[in-house]
Amino acid sequence: MRLIAFKYGATEITERMAFQDGSEDVKLPVSLLFFLIEHKNKKILVDAGCDTMPGFKLIEFEKPARVLESYGIKCTDITDVIITHSHHDHIDAVYNYGNANIYLQKEEAKAAEKYLQNAGKITLFDESEKIPDNIEIRHIGGHTKGSSIVLIKCGKNTFVLCGDECYTKENLSKDKITGSSCSLDKSKRFIEEYSKEKYIPVLFHDPDIIKDIGFKILYED
């Protein structure tokens, strides 16, 4: 198994987006990331990224499909795409993967509809879905009603691809719910569980994962 992070851009968000008590005037640097899981005969994307970023100033940017190709993977090689939630920056570029199986929590289906017009097979799940047994999509519902995370068991480690359930390490280390939560209770439960030492959280907007546009192997066995 191999887990790879891809950075395709960088922008800023307000501190208020990151934290409930944050300021609208303070800006935080964030990266735009998506992930690839290579396991046996599967090549699974976790989120597809976006080709445009309305409302945000892009500091650096490359289309996600091109960054994926720099790793040596074509869009047609992707077997599955997991969408953590249907916000534009996580789903916009999914049209590149018309041959892939798309996985999405059922509460996100309506908002995702316009992005999935040319999609192939779509699997909607309720609380969880496994593809295969050591890769589990799990519904959280803190960020949006259907927002989900991906758990990847790698030996003794469990990586948690967090979607937008948290934006920064501080959300987890200091028990700070994001300012972009639709359910404070569910966001709080997410932080309580996935800040435990048995998990390795991976954040989709963490600027420390990769410095420049490109890719980085996070795990390989």
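Here the structure is a predicted model, which means the values were calculated and not measured.
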Sequence neighbours left out, what passes side-chain contact (heavy atoms from CB on, under 4.5 Å) with Ala5? Give chain and number order.
Phe35, Ile209, Ile210, Leu218
For Glu197, which residues count as a side-chain contact (heavy atoms from CB on, under 4.5 Å) partner, sequence neighbours excluded?
none
List for me each residue that meets side-chain contact (heavy atoms from CB on, under 4.5 Å) alongside Cys75, sequence neighbours excluded, and say none if there are none.
Ala65, Asn96, Tyr97
Taking the ring of Tyr115 and the ring of Tyr95, is the distance between their centroids below 6.0 Å?
no
Side-chain heavy atoms of Asp164 within contact of His90, under 4.5 Å:
yes
Just to verify, what does Glu113 make a side chain to side chain donor-acceptor pair (under 3.5 Å) with, not counting sequence neighbours?
none
Would you mind listing every salt bridge (charged side-chain N to carboxylate O under 4.0 Å, His left out) that reaches into residues 210-221, with sequence neighbours excluded?
Arg2-Glu220
Which residue pairs satisfy the salt bridge (charged side-chain N to carboxylate O under 4.0 Å, His left out) criterion with at least one member in residues 167-183, sequence neighbours excluded?
Lys169-Asp206, Lys169-Asp208, Glu170-Lys174, Glu170-Lys176, Asp175-Lys188
Mind checking what makes salt bridge (Lys or Arg N to Asp or Glu O under 4.0 Å) contact with Glu129, not counting sequence neighbours?
none
Pairing residues for Lys42 by the salt bridge (Lys or Arg N to Asp or Glu O under 4.0 Å) criterion, not counting sequence neighbours
Asp80
side-chain contact (heavy atoms from CB on, under 4.5 Å) partners for Glu107, two or more places apart:
Gln105, Lys145
Of all residues at least two apart in sequence or in a different chain, which pass the side chain to side chain donor-acceptor pair (under 3.5 Å) check with Asn171?
Thr168
Exactly one candidate in Asn101, Leu68, Ile44 meets side chain to side chain contact (heavy atoms under 4.5 Å, CB included) with Ile78; the answer is Leu68
My understanding is that only residues two or more places apart in sequence, or in another chain, count here; which of them pass side chain to side chain donor-acceptor pair (under 3.5 Å) with His39?
none
According to side chain to side chain donor-acceptor pair (under 3.5 Å), does anything in residues 3-25 pair up with another residue at least two apart or in another chain? List the pairs.
Lys7-Glu60
